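Residue numbering restarts at 1 for every chain, and letters A, B, ... go by the order of the sequence lines. Keep in mind it's a predicted model, so treat the numbers as computed, not measured.
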Amino acid sequence: MKVRAQMGMVMNLDKCIGCHTCSVTCKNVWTNRRGTEYVWFNNVETKPGRGYPVDYEDQSKWNGGWELDRKGRLKLKAGGSLKKLANIFYNPDLPDLDDYYDPWTYDYDKLISSPSSDQQPVARPKSQVTGKNLDLQWGPNWEDDLAGSAEHAAFDPNFKNIQEEVRQGFEDTFMIYLPRICEHCINPSCVASCPSGAMYKREEDGIVLVDQEACRSWRFCVSGCPYKKVYFNWNTGKAEKCNFCFPRIEAGMPTICSETCVGRLRHLGVVLIDTDRVEAAASVADEKDLLDAQLDLMLDPDDPEVRAQALRDGIPSDWLDAASNSPVYAMAKKWRIALPLHPEYRTLPMVWYVPPLSPLESVGAGLIREGGDEENIFAAIDQMRIPIDYLASILAAGDTAPVRLSLERLVAMRRYMRDVNLGDPVRPEIASEAGMEPHELEEMFRMVAIADYDDRYVIPQRHGEVSRDAFVDQGSCGIDFANGAPVPGMGEMTGFDDPDPYGGALACASNGTAAPESGALAVEEPDPDFDIRNLLSRHGGPRPLKEGGDA
Amino acid sequence: MNVLAAGTLSVAAYSVLPYVALAVGIGGLIWRKKTDRFGWTARSTELLESRVLRYASVLFHFGVLAAIGGHVLGILIPQSWTEAIGLSEEAYHVLAVVGGISAGFAVVVGFAALMYRRVRFPRVRVTTTRMDVVTFVVLGVAIATGMLATLINIPDTVHYRESVAPYFRQIFILDPEPSLMEGVNWVFQTHVIVVWFLYALWPFSRLIHAFTVPVGYIWRSPIVYRPRGGRSGARTGTYGSGAPDYSPSIPSSRTSRPKTSEKAAQPH
Ligand code: SF4
Ligand code: SF4
């Protein structure tokens with residue numbers, strides 16, 4: 001047993017209202033730069049739908065993730081290292097910009113600068129890449145709230161293995177919002193796909209990062225990730241991805257998407273992983289066993305033996321306490337109400353989802369409200385508007401059992417708490433029928449319904465004894481390399497009149513102008529000796545940050 | 001016709017230029033490695049355009065690899081050696097012409113298609129820097145003269161293995177003999193001179209990606225783990241290869257950050 005800490009996230013889909021606040025705040029912090037206009041480290045898609053990039057879940061098309069070879073050994077679906085090197089001049093699995101979308105803005109200036117005329121002036125869409133007019137055919141969230149679903153949704157790869165009725169049932173319309181970030185997988189195929197070894201998993205918290213100084217533009221990570229959560233910055237020629245807001249996490253703060261989530265549905269915590277068994281867990285023969293194999297890797301933080309080993313392996317004791325209070329461990333393993341996204345890709349993803357309860361169709365309606373008997377209620381789960389098969393193909397490799405268990409427990413919690421809140425006599429049998437204890441249902445209720453800030457985010461800080469004050473960086477952008485340095489390889493771009501026409505420059509305001517975000521940060525004078533703008537030592541600042549440049 | 005006949009010009013072009021070019025090239029490489037790892041990239045544009053790239057890039061790159069192999073064979077290996085292994089000069093010439101023409105053809109077609117693509121597709125065009133343009137021009141002349149040299153030598157009239165090749169070897173053993181180049185066909189002369197310029201340009205241009213062939217990937221274990229703040233242990237495949245470092249990413253401006261090893265020794 002070798003114990004490592006791993007950050008994880010749970011999103012409670014029941015509460016997502018599809019407002020895209022998370023995407024926007026994430027974009028403002030991380031990808032509001034030239035070269036990343038089309039990049040959304042966090043995006044929210046409406047399911048059923050084709051997703052972003054189009055049909056990313058269809059691995060027969062993109063060859064992302066892992067598979068087992070004939071001998072049952074774990075292999076990258078896109079092929080091994082020799083095949084990669086042979087394909088290095090052209091990666092056959094790489095999505096095209098149009099599979100995401102051609103990012104655009106509007107020439108708003110026309111609206112005020114055009115001379116008076118009989119017609120209203122129009123602001124035409126302009127590509128943010130080329131500056132040319134665009135004929136919009138596809139864009140981010142083009143299928144938001146099922147827009148155009150009659151045309152697109154049938155392509156949803158999750159329908160592939162589902163019976164015809166469900167697909168037709170889709171005509172009765174159901175949908176869910178699926179917010180997605182990088183999964184910070186325990187067995188990341190992006191890392192394994194990188195020929196340069198530029199991508200890595202951090203030993204301390206399992207966050208998966210790209211070393212910007214080691215990336216050489218080979219782009220196999222982009223195609224190797226089955227969730228398509230590594231992006232290619234076409235301006236710098238480097239891969240970039242969600243970094244789990246690691247500077248915030250290290251300070252004990254939640255990621256930006258979590259902090260700003262309107263539904264307050266994101267939970268962050270640490271789990272302890274037995275890293276000796278990762279490969280075995282990812283290699284189990286039956287896809288449907290992957291969930292259990294992954295849960296098995298997640299060690300019980302209250303087990304004295306695990307604690308002792310963790311301390312021996314160098315994990316600080318406050319991290320172990322955080323693991324004991326981890327919402328991720330509780331929801332995924334203790335209560336089993338959270339499920340991983342597409343476990344069948346065998347990357348052992350660490351962003352988990354609580355499946356949404358949905359309105360019941362006809363007969364079942366009102367059962368929960370009326371408090372009807374158990375049998376009927378569990379039968380009613382099958383009549384939920386969102387077909388359980390569909391949820392299972394997203395969250396459980398097509399196995400309905402874990403989805404059903406999760407939904408049953410969520411229903412049990414509601415029924416049980418209804419009695420508690422109305423002052424009716426509580427019925428412990430509700431808990432036992434769902435395989436839980438009454439106190440567990442109450443804890444669950446606190447976690448998913450009350451969802452206090454401190455319950456949602458249990459983030460142990462880095463040991464900041466030697467930390468510097470981060471206040472000087474307020475208002476600067478997280479990634480500094482793209483702004484100061486227009487393009488690697490020297491010189492300005494020639495093809496575009498204005499090298500930064502649409503807002504890239506917005507990304508970095510000057511330092512020190514914004515208000516401090518948290519009282520935890522002491523206010524001090526900016527240190528003249530320390531210039532974080534020289535992350536990449538390209539401009540010869542006084543003290544370049546050595547390990548910086550991770551993104 | 002000689003581009004440069006005897007005299008100072010010849011010495012400048014064939015003796016001084018090579019060393020200046022090599023010094024700038026090698027020095028530049030070291031400088032770039034030290035100061036600009038971030039800029040060290042192939043800067044792929046496949047995301048922006050893949051249909052032409054698919055053929056053009058593959059043709060060009062494999063063609064270049066073959067051409068480089070041919071140059072090594074033709075220039076670095078003396079005629080006497082190939083004869084010693086029983087390869088007659090005539091047989092060698094047939095081999096060189098057939099190989100040279102096919103590789104050259106792949107390079108020329110690939111390069112032309114890549115240039116077409118760069119001009120034709122606005123998305124690719126906007127990623128083009130001034131340095132790229134300079135590189136493409138020099139590279140284009142090098143390719144054109146190289147191809148032409150191969151073609152005009154089909155009748156085996158130039159005997160470059162008795163002139164150009166020894167010239168290069170003399171350069172490498174630091175005993176330049178510019179006179180070897182003086183009687184050579186002007187196409188060969190131009191090719192040689194342009195290629196020296198290309199070497200000097202190399203580290204400052206996108207061509208630098210040629211120096212990062214990731215062969216280590218073949219032996220590396222698939223998952224890379226790295227303790228924060230260190231590259232040590234980066235290439236190993238198990239957790240725990242380095243000590244975890246639970247200090248923050250942004251180091252102190254006042255206290256110097258303890259090294260990973262010191263840190264691990266501290267009780268938490
Ligand atoms: S989800 Fe994240 S960690 Fe997992 S393979 Fe994709 S980019 Fe890598
Ligand atoms: S901010 Fe929260 S509620 Fe809004 S779309 Fe994102 S995850 Fe859903």
Side-chain angles (χ1 to χ4, degrees), chain A residues 2 4 81-82 85 89-91 94 96-97 129-130 132 188 191-192 195-197 199-204 212-213 215-217 219 232 234 237-238 246-247 250 275 313-314 316-317 462-464 466-468 470 481 487-496 527 529-530 536-538 547 549, chain B residues 35-48 50 53-54 57-58 61 122-123 125-133 204-206 209 212 214 216-218 220 222-229 234-235 239-240 242-253 255 257-258 264 268:
Chain A
K2 174 166 279 164
R4 287 286 175 227
S81 52
L82 291 175
L85 293 185
F89 306 127
Y90 169 75
N91 175 356
L94 191 77
D96 203 81
L97 184 63
V129 180
T130 62
K132 298 201 182 319
V191 171
S196 310
M199 296 195 67
Y200 62 100
K201 212 169 157 53
R202 291 213 295 195
E203 296 242 7
E204 295 80 19
Q212 290 291 313
E213 296 196 359
C215 173
R216 296 285 177 266
S217 203
R219 62 215 176 275
F232 188 81
W234 58 263
K238 304 260 169 170
F246 73 89
E250 287 178 9
T275 55
D313 287 334
S317 60
R462 282 315 181 86
H463 282 250
V466 291
S467 170
R468 72 185 271 268
F481 50 79
V487 210
M490 319 279 153
E492 299 280 321
M493 291 192 174
T494 51
F496 213 30
D527 186 333
D529 279 348
F530 192 90
L536 297 151
S537 357
R538 280 178 61 93
E547 301 81 11
Chain B
T35 62
D36 184 27
R37 296 208 185 205
F38 177 64
W40 198 304
T41 151
R43 251 177 71 228
S44 161
T45 49
E46 185 179 344
L47 176 84
L48 303 172
S50 60
L53 181 96
R54 164 176 210 161
S57 168
V58 172
H61 282 98
R123 282 182 188 173
R125 200 163 61 221
V126 298
T127 68
T128 310
T129 64
R130 266 175 219 131
M131 192 56 176
D132 287 345
V133 176
F204 310 100
S205 71
R206 62 186 302 140
H209 72 271
T212 58
Y217 185 42
I218 300 171
R220 192 194 85 202
I223 309 290
V224 176
Y225 301 103
R226 222 192 252 183
R228 213 204 52 56
R235 297 289 183 275
Y239 262 121
D245 174 5
Y246 282 94
S247 65
S249 272
I250 304 173
S252 168
S253 54
T255 349
R257 216 157 46 82
H268 285 296

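With sequence neighbours left out, the side chain to side chain donor-acceptor pair (under 3.5 Å) criterion links B:H209 to no other residue.
Within the 3.5 Å criterion, the main-chain N or O of B:T41 finds no donor-acceptor partner in the side chain of A:S217. Panel note: side chain A:T130, backbone B:R123; no donor-acceptor pair is recorded below 3.5 Å. A side-chain donor-acceptor contact under 3.5 Å links A:K238 to the backbone of B:F38.
Annotation for B:V224 and A:V191: closest pair N-CG1, 3.2 Å, computed over non-hydrogen atoms. Nearest heavy atom pair, residue B:R43 against residue A:G237, reads CG-CA, 3.8 Å.
Looking only at side-chain heavy atoms (C-beta outward), A:L85 and B:P214 come within less than 4.5 Å of each other.
Between B:R226 atom CZ and A:M199 atom CE the span is 11.0 Å, to the nearest 0.5 Å. The distance from the OH atom of A:Y90 to the NE2 atom of B:H61 is 15.0 Å, given to the nearest 0.5 Å. Between atom CZ of residue A:R216 and atom CZ of residue B:R37 there is a gap of 7.0 Å, rounded to the nearest 0.5 Å. The CG atom of A:L97 lies 10.5 Å from the OG atom of B:S50; values are rounded to the nearest 0.5 Å. Atom CD of B:E46 sits about 4.5 Å away from atom CG of A:L94, to the nearest 0.5 Å. Here B:L47 contributes atom CG and A:W234 contributes atom CH2; the two are 10.0 Å apart, rounded to the nearest 0.5 Å.
Interface remark: B:T212 contributes backbone and side-chain atoms alike to the contact with chain A (heavy atom separation under 4.5 Å).
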